[in-house]
Chemist: 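Have a look at this one before I ask anything.
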Amino acid sequence: MTSEEMAIKLTEVDSRSKSNTHRIDELSQQIEAVNRLATAVEVMATKQDTMNQNVQDLNEKVEKLEAEPGNKWKDLTKQVVTLIVAALIGFAIAKVGL
């Protein structure tokens, strides 16, 4: 191989080396961006899990609040029925003369 051929090969290798260095730098930047994105997604997933738990807790509280008037109505109805039954029994006992 002549010195002229070696110089051409060296120039080609040097050019390829610079191109590869540039591509490696770009890939490094892209890898850093992907890592930041992955970290952001992980943080978002954690926050979403927390939000889901909070929503479930709120749903349970709302269900209890919605059921409360119904429970009060049931209690009132039970008391009224008990009062009517007691009055009827008292009336029947008074009629019998006890």
Chemist: Does a sphere of radius 6.0 Å around CD in Glu4 hold more than 12 heavy atoms from other residues, nucleotides or ligands, not counting ones at 6.0 Å or beyond?
Modeler: no

Chemist: At what distance, to the nearest 0.5 angstrom, does CG of Leu37 lie from CE of Met44?
Modeler: 9.0 Å

Chemist: Step through the shown structure and confirm whether more than 12 heavy atoms of other residues, nucleotides or ligands are within 6.0 Å of CD on Glu42.
Modeler: no

Chemist: Can you measure from NZ (Lys95) to CD1 (Ile93) and round to the nearest 0.5 angstrom?
Modeler: 14.0 Å

Chemist: If we ignore angles and hydrogens, is there a donor and acceptor under 3.5 Å between the side chains of Asp57 and Gln53?
Modeler: yes

Chemist: Can you measure from CD1 (Ile31) to CD (Glu26) and round to the nearest 0.5 angstrom?
Modeler: 12.0 Å

Chemist: When rounded to the nearest 0.5 angstrom, what is the spacing between CZ in Arg23 and CD in Gln30?
Modeler: 11.0 Å

Chemist: Within this structure, what is the OG-CE distance for the pair Ser3 and Met6, rounded to the nearest 0.5 Å?
Modeler: 8.0 Å

Chemist: Has the side chain of Thr21 got a donor or acceptor atom that lies under 3.5 Å from a matching backbone atom of Ser17?
Modeler: yes

Chemist: Would you compute the distance between atom CG of Asn59 and atom NZ of Lys61 and round it to the nearest 0.5 angstrom?
Modeler: 11.5 Å

Chemist: Under the salt bridge (charged side-chain N to carboxylate O under 4.0 Å, His left out) rule, what do Glu68 and Lys72 come out as? Steps first, then yes or no, please.
Modeler: CA-CA 6 Å; Glu68 196 170 302; Lys72 286 181 181 179; 3.7 Å; yes

Chemist: Residues sharing Trp73's hydrophobic cluster, by side-chain heavy-atom contacts under 4.5 Å among ILVMFWY, directly or via others?
Modeler: Leu76, Val80, Ile84, Leu88

